[in-house]
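Report on one structure; see the data block that follows.
Start at 1 with the first residue, then count along the sequence.
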Amino acid sequence: SDTYIQKLVNDFYQFICDLYISYRSNKQNKKQKQNISVDNQDNNSDDEEENSIISEDFIKYFMYQFFKLKGIRRKIVGKNMFLLSYDKDHTSYNPDDNVTKLCRHLILDTSCLRIVSLGIPRRNNVNNLDTSKMNDFNVEIQYDGSMVIYNPALKHNPRIYKEREYTNDKEEIIKKPIDVIFSTRNKVGTSNFNSEDTFKIICLRNFKNLDFDLDKLNNGFETLNYVFNVMDQTEHIANDNVNLLVGCYQFKSEEECSTACQKINSITNINQQSQKLLNVMFQDLNRNMVSSLDISSIASIYSEMKLPERLEKDKANITKSTELLKDLPYTYKGVTIWDNEGARYKLSNSNFEKIRDLRGNLPINLLECNNKSLFTIYLRLKSENNIDLFLSYFDKDKSYKQKFVQFKKDIQEFTDLVHQWYLDSYVLKNKIKDEIPNYLYPLCFELHGIYMKNKNTIKKKDVLDYLYTLDVMSLYGRI
């Protein structure tokens, strides 16, 4: 059922409707206060452009309100194209708000207020799940992965940016193409995290391993928006490299949306009656804006298409999450419960969460570009006394152990260096303080401050303990 997605979309457009009514009312009241008649024919053309639902002034207003009231940020990805995604760190972020849930990844064409790309909405709070009222539901294994949206229709959209400009070291303007049919939550064209491969490359590689040609989806299905959970053992805590189809959407046509916006623009004055009419018009705009399609039907067409594994429907197990999850290995995030309306709930696997916390949220791939992250991870693991535990899960070929041994050696050598400069300059005084290298001077100065405070001789262990109190990047840069 797509009842749930319709509810989210309805609330999304209702929020825009409320903002539009507020925007128009404020404009109208402002003009009345200035004793400017709203019927003044000389200002008619200006008013029509300013009051338009797709005017630049209103779009700026409602984008600002989205961020201020919901914590939903916007990124310009084309002419009149905005990628909306929530910011968990924003003070107004509310994970239980329907508009926020929908904007996990959403591209809005503001030329006609049409949704042109959509990811899987944010999950619901499992504490709000009432199994006694559920007539039908599905329970699936949840896997660690990255959401990738495959949207072939975007390559035909003339307004979305298909290349990115930047200036190189020689101040030359370079144009880099963007493969717009692939997106992650916050980026059109996808990006990379833990490895040098982008999520697009990983997605294509997984399909190649299954001998599945993505061009098959363009054969009569090019207007659909596919959402995959892309799993990769390098990127995720996973035991397989595979793409799982987790969602598929179809959107209302641009012509229908443009017609609906024209009707909204026909309202020339804001009063009690016109506000009711605008609410009806916005309902007409959002009707059938997004249709959620049955992914099992799509998978039945393509034998190579993989779906998440479904479990037996046992309500008793849903209410007893510990019983349901006890046999899941740490490579599974938990289980996902889909209710009869299409809403999503998550039961977490504590085994997975323990290993996820152990790994952290920094890249751990053994590449030179990840050296700073690995150094940070090493110091964290050392402080938690978890190095051996980390190695037992992630060090299949002893590569991490070699890296960590090198970090330990680097820190020890740096400790010796700092200690020797401190002794030479502050204790033995066979060198003057001005000879201390700039990157070591503040450290020696603070070590002497520690000595002056407690009058205890500064030993190598004291230097090491002090270095561990420094900002990680400050220590890394000096080493």
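- Defined by atom type and a distance below 3.5 Å, a donor-acceptor pair is missing between the side-chain atoms of Glu353 and Asn349.
- Side-chain rings of Phe15 and Phe66 approach one another, their centers coming within less than 6.0 Å.
- Ring pair Phe199/Phe182: centre-to-centre distance not below 6.0 Å.
- Residues Lys187 and Leu83 share a closest heavy-atom pair of N-CD2, 3.7 Å.
- Take Phe212 and apply the ring pair (Phe, Tyr, Trp, His ring centres under 6.0 Å) test, not counting sequence neighbours, and it matches Phe207, Tyr302.
- Residues Phe82 and Lys75 form no side-chain contact, since every pair of their non-hydrogen atoms from C-beta on lies 4.5 Å or further apart.
- Separation of the Tyr330 and Tyr393 ring centroids falls under the 6.0 Å cut-off.
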Determine all donor-acceptor pairs shorter than 3.5 Å in which one atom belongs to a side chain in residues 90-98; sequence neighbours excluded.
residue: His90; atom: ND1; partner: Ser92; partner atom: N; Å: 2.9
residue: His90; atom: NE2; partner: Phe67; partner atom: O; Å: 3.1
residue: Ser92; atom: OG; partner: Lys68; partner atom: O; Å: 2.8
residue: Tyr93; atom: OH; partner: Arg122; partner atom: NE; Å: 2.8
residue: Asn94; atom: OD1; partner: Asp96; partner atom: N; Å: 3.1
residue: Asp97; atom: OD1; partner: Lys70; partner atom: NZ; Å: 3.0
residue: Asp97; atom: OD2; partner: Lys70; partner atom: NZ; Å: 3.3
residue: Asp97; atom: OD2; partner: Val99; partner atom: N; Å: 3.3
residue: Asp97; atom: OD2; partner: Thr100; partner atom: N; Å: 2.9
residue: Asp97; atom: OD2; partner: Thr100; partner atom: OG1; Å: 2.9
residue: Asn98; atom: ND2; partner: Asp11; partner atom: OD2; Å: 2.7

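- No hydrogens or angles considered: nothing links the side chains of Thr234 and Asn365 as a donor-acceptor pair under 3.5 Å.
- Residues Thr415 and Leu467 have side chains in contact (heavy-atom distance under 4.5 Å, counting atoms from C-beta outward).
- Remark: Lys433 NZ is packed, more than 12 non-hydrogen atoms of other residues, nucleotides or ligands lying under 6.0 Å away.
- Smallest separation of non-hydrogen atoms from Ala343 and Asn124: CB-ND2, 3.6 Å.
- Using bins of under 30°, 30° to 60° and over 60° for the plane-to-plane angle, the ring pair Phe58/Tyr20 lands in the perpendicular bin.
- Using a distance-only test at 3.5 Å, with no hydrogens or angles considered, a donor-acceptor pair links the side chain of Asp462 to the main chain of Lys459.
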Would Asp416 and Gln420 count as a side-chain hydrogen bond (donor to acceptor under 3.5 Å, both in side chains) here? Give the steps. CA-CA 6 Å; Asp416 294 342; Gln420 191 59 52; over 6 Å; no

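- Side-chain contact of Asp397 with Ser399: a donor-acceptor pair under 3.5 Å is present, judged by distance alone.
- With a 4.5 Å cut-off on side-chain heavy atoms, Val139 and Thr336 do not count as touching.
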Derivation and outcome, salt bridge (Lys or Arg N to Asp or Glu O under 4.0 Å), residues Asp197 and Arg205: CA-CA 10 Å; Asp197 294 336; Arg205 184 169 62 222; 2.8 Å; yes

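- Note on ring orientation: taking the six-membered ring where Trp is involved, the planes of Tyr150 and Phe228 are tilted (angle from 30° to 60°).
- In this view, Tyr476 and Phe375 satisfy the ring pair (Phe, Tyr, Trp, His ring centres under 6.0 Å) rule, not counting sequence neighbours.
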Decide yes or no on salt bridge (Lys or Arg N to Asp or Glu O under 4.0 Å) for Lys7 and Glu341, but give the supporting numbers first. CA-CA 10 Å; Lys7 186 186 301 182; Glu341 292 188 344; 3.4 Å; yes

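- In this structure, the ring pair (Phe, Tyr, Trp, His ring centres under 6.0 Å) partners of Phe394, at least two apart in sequence or on a different chain, are Phe390.
- Environment of CG in Asn385: sparse, with no more than 12 heavy atoms of neighbouring residues, nucleotides or ligands closer than 6.0 Å.
- In this structure, the side chains of Tyr400 and Ile364 come closer than 4.5 Å at one or more pairs of heavy atoms.
- Identified under the salt bridge (Lys or Arg N to Asp or Glu O under 4.0 Å) test for residues 372-394, with sequence neighbours left out: Arg380-Glu384.
- Note: Phe445 and His448 fail the aromatic proximity criterion, with ring centroids not under 6.0 Å apart.
- At least one donor-acceptor pair closer than 3.5 Å links the side chain of Ser425 to the backbone N or O of Trp421.
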I would like to know whether Lys27 and Asp57 meet salt bridge (Lys or Arg N to Asp or Glu O under 4.0 Å); could you show each step before the answer? CA-CA 11 Å; Lys27 290 282 186 183; Asp57 193 49; 3.0 Å; yes

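- Smallest separation of non-hydrogen atoms from Val188 and Ile178: O-CG2, 3.6 Å.
- Between Tyr23 and Phe62, the ring centre distance reaches or exceeds 6.0 Å.
- Of all non-hydrogen atoms in Gly119 and Met147, the two that sit nearest each other are CA-SD, 3.9 Å.
- Take Tyr468 and apply the ring pair (Phe, Tyr, Trp, His ring centres under 6.0 Å) test, not counting sequence neighbours, and it matches no residue.
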